[in-house]
Amino acid sequence: MESSLYNKSRKIRKEKYKTLKALVLAVIILIPIEGVFRILEENELLDEPYLWGSRNIIPYKINDCIDLFSQPEHSDKLKVIAIGDSFCVTGFNPYFFDDYFNQSTITYNFGIMGTAARAQSFLIEKVLIPRFAPDAVIWMINSPFDFVHNEETIADDNSILDTPMGRYYNGDLNDMSLEELSETLFLKFSRLYKYRKMFIPKQFSPELKAEIKEFEKMYSRGFRYSFGFINNTAPPFRMLIWEKEFDSLAGNQFENTINICEDKQIIHLVVSIPQYFACIYYYYTDQFFQQLPQKNFFNLNNLNSTFCNNLLYFDNLHLNVFGAQLYTTLVAEKFEECVST
Amino acid sequence: MPLNFTDFSFLIILFIGLIIYWSFSKFIKTQNTILLGLCYFIYGFGSLWLLIIIFSSTIFNYFSGILLGKKFNQKKKKRILVLSILINLSNLVFFKYFNFFSENITYLLNIFGLNIDPFILNIIVIIGISFYTLQVIAYNIDVYREIINPIKRFIDFAVFLAYFPKLASGPIEHPKNFIPEIEKRKKLSNCDFSGAIQLILFGYFSKVVIADLISYHIGDFYLNPSAYNSTDALLITFLYTIQIYADFAAYSNIARGISKLFGINLMINFNQPYLSTNIRAFWRTWHISLTEWLRDYLYIPLGGDRKGSKRLQLNILIVFTLSGLWHGAGLTYIIFGLVHGFFLIIYRFNHNALNKWNKNPIKLIENLDGYKKKLFYSCYKFLGFFITFQFINFALIIFRSSDLNTAFIIIKKAYSFDSSFLVHINHNFLLYILLFSYFFIFLIDLIQYKLKRQDIITNLHWIPQGIIYAFLIFMIIIFTNSFVKYTPFIYAGF
């Protein structure tokens with residue numbers, strides 16, 4: 001009995017030392033790998049789509065954009081801001097765009113995952129133009145199809161119409177401060193989902209917390225808040241809040257934004273967002289893009305487009321690195337035309 | 001919400017807790033008190049209500065255990081036992097099923113022309129209530145059956161109930177195995193550090209690299225299955241089958257690993273279930289702790305297989321229906337349980353019939369010679385594995401669907417085998433993820449199966465061990481920092 005206990009304890013001790021040695025070896029293996037990644041990252045060789053504009057925190061993006069545009073070496077360059085939703089985040093490569101123009105431009109990807117064109121319009125009018133005075137705006141807008149809409153999500157939508165989120169849904173953004181919009185966009189990412197409770201980020205102001213208290217009763221994927229960072233726990237798939245019933249309103253707002261750009265003599269280019277998903281299931285049958293003013297508008301949404309090819313996407317909705325290169329090149333060519341005219 | 005295994009703050013608290021815990025390794029009572037403090041801190045993090053409810057349950061069951069351990073006459077003891085089971089079950093029913101029953105009873109009444117609004121209460125979700133209620137019922141029954149003595153120290157009993165690694169998703173420990181683990185003196189020198197590291201790393205790998213990756217890509221399908229074609233739908237159902245295993249086994253592995261760091265051994269909850277060659281074997285290897293609980297405290301008391309074949313079939317259906325209902329308040333869970341019950345009845349019927357007619361394939365194969373025996377045996381096993389896996393996959397469609405209507409749509413879609421079937425895959429990445437996840441899950445399971453043990457790394461030389469650990473850590477880091485976001489453990493919701 002005693003000797004078996006002794007043997008067991010000896011075995012455990014032996015294995016412990018072996019595991020410790022193995023863990024040390026694991027660390028020794030991992031350190032150079034980490035080093036290689038850091039070198040690649042610092043040389044921008046790892047700037048895959050998600051790094052081009054993955055930060056959804058609007059204040060962060062604003063600061064980042066200010067930093068970029070204020071650098072002395074960029075002072076003589078044409079300042080371009082690209083805006084859109086997650087497609088813009090992953091599908092438009094600003095480095096590649098600037099390379100196309102031999103670094104005579106400096107471009108910032110202001111794409112924010114999950115935003116509807118209405119919110120983008122608001123950002124262009126209230127944030128991008130007044131704060132950055134860009135020379136050019138490239139706006140990538142999405143076709144307003146509504147594929148994840150069913151009775152359940154519509155019921156969810158209706159139940160939050162009185163909240164800031166509801167105002168966002170209705171397009172009633174004019175009396176919303178930038179901070180509120182920023183927070184509301186976070187909320188939107190919750191992608192209402194039946195079985196999960198929503199978490200309200202702790203750093204929200206008490207007033208806003210009170211206003212969105214209703215959310216606590218609702219089920220969603222919500223956010224995680226840990227050590228000062230908010231992480232949305234779901235991919236921003238539900239960017240489809242630009243429902244068909246708001247088309248006319250959206251159209252007006254779209255025109256207003258374009259008019260503002262024209263008044264301020266800002267070069268503007270509106271580009272449609274091609275998606276393989278739409279090629280398969282929707283065949284681009286919506287009339288939305290046909291109703292838009294065709295001036296400075298680059299429509300890539302047709303079934304014969306190069307972009308009806310799933311090899312260019314990583315998930316049927318977002319371009320992969322090859323797709324982004326192609327898309328950015330086409331946008332750059334069209335942009336060149338706009339500049340020359 | 002209690003702290004989760006994947007929260008960074010959890011890891012920090014665990015680390016601090018371990019240091020304090022092992023600083024008092026000479027004092028078993030102090031050690032358990034520290035452990036209880038840690039359990040309550042982790043469980044009650046963010047919600048005092050959770051603590052109040054588990055503490056009330058602890059006080060009640062501590063005293064009911066003491067009473068059941070006294071030398072009363074059998075009748076009186078039985079009454080105490082029935083009362084304690086009823087109170088524990090009503091606690092579970094109220095917090096978990098009240099709204100479900102209220103909605104369904106109102107629905108039925110409305111069918112009969114009584115227009116009544118359902119009485120819905122805004123009840124908080126008690127994490128782990130399904131798990132600790134079963135454990136505490138087992139404790140009371142075992143004390144009543146005199147299999148164990150009641151726990152004397154209140155602190156020990158509180159740890160028995162609220163032990164944090166297993167609280168949210170089990171395993172549902174046998175009191176006769178788990179109580180000695182709590183009451184024994186824990187020595188740091190006997191702590192199975194190697195086993196713990198392996199289990200924890202495997203657990204995080206399964207969760208972060210496999211389960212969360214799949215969850216990220218298939219969640220939208222269950223919201224809108226009609227937007228997918230037949231091949232994609234079938235691929236996704238297979239992905240979910242792996243996801244739920246990777247997710248739940250990950251929790252069990254991490255729980256066992258963390259528990260080992262405290263010198264406490266938890267039972268094995270999964271034993272390569274997807275390699276099972278029949279549905280009976282599957283239930284012996286899947287969520288073992290629940291299956292054993294149902295067997296010991298429900299199936300056998302109902303009469304098991306001792307009261308004739310009709311009663312046996314009824315017992316199987318009762319056990320599996322309740323097992324389904326235990327997972328959650330929803331018709332899909334009940335149907336999931338029933339489907340498994342029917343599978344098992346069919347399997348038993350088939351098995352018995354073949355035995356009766358002397359056509360049991362195993363016996364027939366055993367009569368063969370040489371390579372034929374080996375070949376037929378392998379084919380038989382593979383066929384058994386394949387059919388069982390299809391059954392499991394089918395039942396999990398119902399389990400995962402939000403309602404029966406969605407389940408029907410998905411089943412119709414996945415098994416329609418239309419003209420595009422296997423020809424057109426709209427979502428190529430699904431196939432890659434399928435291959436990736438199946439490769440790792442089945443590789444680990446096959447190695448464990450071949451070696452006939454779960455600790456497949458600790459016996460290796462330290463160099464291959466180190467390379468495997470480096471790979472696991474690398475993958476965990478990459479996936480934690482990638483676009484794949486953390487989703488809560490599936491079974492924590494039950």
Side-chain angles (χ1 to χ4, degrees), chain A residues 5 8-9 11-31 33-34 37 48-50 54 90 147-150 152-153 191 193-197 199 217 221 224 226-227 229 231-235 237-238 276-277 280-282 310-311 313-316 318, chain B residues 1 4 6-9 12 122 125 187 189-198 201 216-217 219-220 223-224 226-229 328 330 402-403 424-429 455 457-474 477-478 482-488 493:
Chain A
L5 275 176
K8 197 182 162 195
S9 134
K11 195 185 161 214
I12 287 176
R13 210 179 311 142
K14 212 175 142 191
E15 279 184 354
K16 221 180 267 180
Y17 285 123
K18 217 161 71 172
T19 304
L20 276 175
K21 276 200 274 184
L23 284 175
V24 171
L25 176 66
V27 172
I28 292 170
I29 294 170
L30 286 171
I31 287 172
I33 295 175
E34 170 72 11
F37 269 86
E48 282 295 302
Y50 275 99
S54 61
T90 62
F147 57 88
V148 294
H149 245 55
N150 53 32
E152 188 183 299
T153 57
R191 204 184 93 195
Y193 193 76
K194 202 172 174 184
Y195 294 108
R196 284 165 201 167
K197 267 256 172 184
F199 301 100
K217 294 177 191 163
R221 288 200 172 175
R224 279 185 304 139
S226 56
F227 291 96
F229 294 100
N231 303 305
N232 56 302
T233 58
F237 200 67
R238 195 165 181 262
Y276 184 63
F277 194 93
I280 317 165
Y281 295 112
Y282 292 92
N310 70 342
L311 293 176
Y313 297 80
F314 63 83
D315 62 354
N316 284 345
H318 301 95
Chain B
M1 287 291 285
N4 199 299
T6 44
D7 286 337
F8 187 60
S9 29
I12 292 173
N122 190 14
V125 178
K187 283 185 185 170
S189 56
N190 287 341
C191 170
D192 184 8
F193 175 70
S194 314
I197 293 294
Q198 183 202 290
L201 284 180
Y216 175 82
H217 283 100
D220 297 303
L223 287 175
N224 187 26
S226 44
Y228 290 72
N229 72 15
S402 52
D403 52 62
H424 196 65
I425 300 174
N426 283 334
H427 304 78
N428 283 337
F429 58 93
D455 53 335
I457 296 183
T458 47
N459 286 334
L460 293 175
H461 186 266
W462 66 272
I463 293 178
Q465 222 181 97
I467 293 168
I468 294 171
Y469 285 155
F471 172 74
L472 293 174
I473 296 168
F474 176 73
I477 292 172
I478 289 285
S482 76
F483 56 92
V484 175
K485 296 293 177 193
Y486 162 74
T487 43

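Note that the structure is predicted; figures quoted are calculated from it, not measured. Every chain is numbered from 1, with letters handed out A, B, ... down the list of sequences.
Using modelled atom types, one side-chain atom of A/K18 and one backbone atom of B/L460 make a donor-acceptor pair closer than 3.5 Å.
Across all their heavy atoms, B/G466 and A/A26 have their closest contact at O-CB, 3.5 Å. Counting all heavy atoms, side chain and backbone alike, B/I463 lies closest to A/L25 at O-CD2, 3.3 Å. In terms of heavy-atom proximity, B/F474 sits nearest to A/L30 at CB-CD2, 3.6 Å.
Residue with the most contacts toward chain A among B/Q198, B/K187, B/Q465: B/Q465 (heavy-atom pairs, distance under 4.5 Å). Of the residues considered (B/P464, B/A470, B/A196), B/A470 shows the highest number of contacts with chain A, using heavy-atom pairs under 4.5 Å.
With a 4.5 Å cut-off on side-chain heavy atoms, A/I29 and B/Y469 do not count as touching.
With a 4.5 Å cut-off on non-hydrogen atoms, B/I467 touches chain A through its backbone and its side chain both.
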